[in-house]
Enquirer: 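Below is a structure I'd like to ask you about.
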Amino acid sequence: MSGGRGKRGDSGDGQPSGVTRRRALWIGGAGVVAAGTAALGATGELSHLWWRLPGNDRPRTPGAVDYRGAQWIGASPENYRRADRPEDYGIDRVVVHVVQGSFATALKVFQDPEHEAAAHYVIRKDGHVAQAVRELDVAFHAGNRGFNERSVGIEHEGFVDRPESFTAAMYASSARLTAGICHRYGFPADRTHIVGHREVPGADHTDPGAHWDWDRYIGLVRTELAKRVAAEQSRRARASSAVPRSRPSGAA
C-alpha cells in the first residue's frame, strides 16, 4: 500500500527540506518575492517553484486523465502535492505497490485526507485502471521524498501473500500503463527504473511481495514499449512521406 515514513509520506529520506513549496503561496509583494527568491535559490528550490507564480500554472481540465481509458477517481489534495512534472521534477521511475485490500478500499482511503498517502493509479484484478492523482503532481506513495518526486506510483488490488491476486488481466493492464509511462518520459523498462515499494530506500513496506512475477512483468512491459516505439516510428515515416518535396529551382 502507498505511504511510508514522514509527514504524508513525503519525507523521510534524510535530506533537509529547505524552504517548503507552500511558501510560494505567500507571495504578496516585491519584498516578499525578493526574500523568497534568495532563500529558495540558496536551497536549490527555485527551479521547482517558477510555475506557482501567476500565469505559469499549466491549465488543467477537471477529471482529465493521463492514461487513455482510465477512470478518474481523485484523491484528497491532502494526499499529494501539486506540481508541474516533468518541468519541475523529472520522472524516471515507476513504483509497484499492492493494496493489501480491494480496488475500492484503495480508492476510498486515497480520498481520506487523514490517510496521508495516495498513488497515481490503482489497477483492479480484471485490468480496469483508475487514476487518483495526475502524473503532473507528486503523490505521497513511496515514503521517500526523492522517490515521490521522481516516480509514478501504481497500486494493484490484492494481497502480497495471495498469488491468485495477480491475474493475467492485471499484469497485462499494468504493463501497458507502465510502458506508456516509460515511453512518455523516456526511461528504460528495466529493474532499475521499475521497482517495488519494498525497494525504495527507507521503505518499511514489503509489497509487491514474493509472489509478484518480476520476470513476467518486465517482459510484458518491454513488449508493450516496443509496440509503442514501432507505432511512433511508423507515424513519423508516414508524416515524412506525406510532405511534398520541393522542386529544384528552375526545374520544368
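These numbers were taken from a predicted model, which means no experiment stands behind them.
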Enquirer: Mind checking whether F103 and V160 sit in one hydrophobic cluster, side chains of I, L, V, M, F, W, Y counted as touching below 4.5 Å?
Expert: no
Enquirer: So, R236 and S240: side-chain donor and acceptor under 3.5 Å apart, yes or no?
Expert: no
Enquirer: Between R82 and D88, is there a side-chain N and carboxylate O pair less than 4.0 Å apart?
Expert: no
Enquirer: Got a donor-acceptor contact below 3.5 angstrom from the R85 side chain to the I91 backbone?
Expert: no
Enquirer: Should Q111 and I73 be marked as a side chain to side chain contact (heavy atoms under 4.5 Å, CB included) after you check the CA-CA gap, both sets of side-chain angles, and the distance that decides it?
Expert: CA-CA 9 Å; Q111 291 178 322; I73 305 178; 3.4 Å; yes
Enquirer: About how many Å separate NE2 of H128 and CD1 of I123, when rounded to the nearest 0.5 Å?
Expert: 10.5 Å
Enquirer: Are the side chain of N79 and the backbone of F110 linked by a donor-acceptor contact shorter than 3.5 Å?
Expert: yes
Enquirer: Nearest 0.5 Å, what's the OG1-CZ distance between T178 and R222?
Expert: 13.0 Å
Enquirer: Taking atom CD1 of I181 and atom OG of S151, what is their separation to the nearest 0.5 Å?
Expert: 9.5 Å
Enquirer: H205 versus V200: any side-chain heavy-atom pair under 4.5 Å?
Expert: no
Enquirer: State, with a plain yes or no, whether a side-chain heavy atom of F147 is found less than 4.5 Å away from one of P201.
Expert: yes
Enquirer: Would F187 end up clustered with L136 when hydrophobic side chains under 4.5 Å apart are linked, directly or stepwise?
Expert: no
Enquirer: Cut-off 3.5 Å, side chains only: do H197 and T206 have a donor facing an acceptor?
Expert: no
Enquirer: With hydrophobic residues grouped by side-chain heavy-atom distances under 4.5 Å, do V94 and V195 end up in a single group?
Expert: no
Enquirer: If hydrophobic clusters are built from ILVMFWY residues whose side chains come within less than 4.5 Å, do Y185 and I194 share one?
Expert: yes
Enquirer: For a quick check under 3.5 Å, do Q100 and D207 share a side-chain donor-acceptor pair by atom type?
Expert: no
Enquirer: Please report the interatomic distance CD(E164) to CZ(F159), rounded to the nearest 0.5 Å.
Expert: 10.0 Å
Enquirer: With no hydrogens and no angle check, just 3.5 Å: does a side-chain donor-acceptor pair link E135 and Y67?
Expert: no
Enquirer: Tell me, do R176 and K227 make a side-chain contact under 4.5 Å, heavy atoms counted?
Expert: no
Enquirer: Tell me whether R93 contacts the main-chain N or O of T192 through its side chain, where contact means a donor paired with an acceptor under 3.5 Å.
Expert: yes
Enquirer: E155 side chain to S2 main-chain N or O, any donor-acceptor pair under 3.5 Å?
Expert: yes
Enquirer: Any donor and acceptor pair, going by atom type alone, linking the side chain of S76 with main-chain N or O of E78 inside 3.5 Å?
Expert: yes
Enquirer: What's the shortest heavy-atom distance between A119 and A132, and which atoms?
Expert: O-CB, 3.6 Å
Enquirer: How close do V133 and A118 get, counting heavy atoms only, and between which atoms?
Expert: CG2-CB, 4.2 Å
Enquirer: Go through the structure and list residues passing salt bridge (Lys or Arg N to Asp or Glu O under 4.0 Å) with K108, not counting sequence neighbours.
Expert: none
Enquirer: Could you tell me whether the side chain of Q233 and the main chain of A230 form a donor-acceptor pair under 3.5 Å?
Expert: no
Enquirer: Can you tell me if CZ on R184 sees more than 12 non-hydrogen neighbours from other groups inside 6.0 Å?
Expert: yes
Enquirer: Just checking, any donor-acceptor pair under 3.5 angstrom between side chains of E232 and H183?
Expert: yes
Enquirer: Going hydrophobic residue to hydrophobic residue with side-chain gaps under 4.5 angstrom, can you get from I154 over to W214?
Expert: yes
Enquirer: Could you check Y121, W212, Y171, F166 and say which one makes a ring pair (Phe, Tyr, Trp, His ring centres under 6.0 Å) with H156?
Expert: W212
Enquirer: Just by distance, do the side chain of D137 and the backbone of A83 share a donor-acceptor pair under 3.5 Å?
Expert: yes
Enquirer: Is there a donor-acceptor contact under 3.5 Å linking the side chains of H141 and H120?
Expert: no
Enquirer: Take E116 and F140 through the test side chain to side chain contact (heavy atoms under 4.5 Å, CB included) and record every step on the way to the result.
Expert: CA-CA 7 Å; E116 303 186 340; F140 303 157; over 6 Å; no
Enquirer: Any side-chain to backbone donor/acceptor pair from S174 onto M170? Under 3.5 Å, distance only.
Expert: no
Enquirer: Would you check if the side chain of S241 reaches a backbone N or O of A237 as a donor-acceptor pair within less than 3.5 Å?
Expert: yes
Enquirer: Supply the atom-to-atom distance R228 CZ to T223 OG1, rounded to the nearest 0.5 angstrom.
Expert: 13.0 Å
Enquirer: Does Y80 reach the side chain of N148, with side-chain heavy atoms less than 4.5 Å apart?
Expert: no
Enquirer: Please check: side-chain N/O of T167 versus main-chain N/O of K125, any donor-acceptor pairing under 3.5 Å?
Expert: yes
Enquirer: Show, in sequence, the C-alpha distance, side-chain angles and deciding distance for V95 and V152, and conclude whether the side chain to side chain contact (heavy atoms under 4.5 Å, CB included) test is met.
Expert: CA-CA 6 Å; V95 179; V152 174; over 6 Å; no
Enquirer: Regarding S165 and E157, do their side chains bring together a donor and an acceptor under 3.5 Å, going by distance alone?
Expert: no
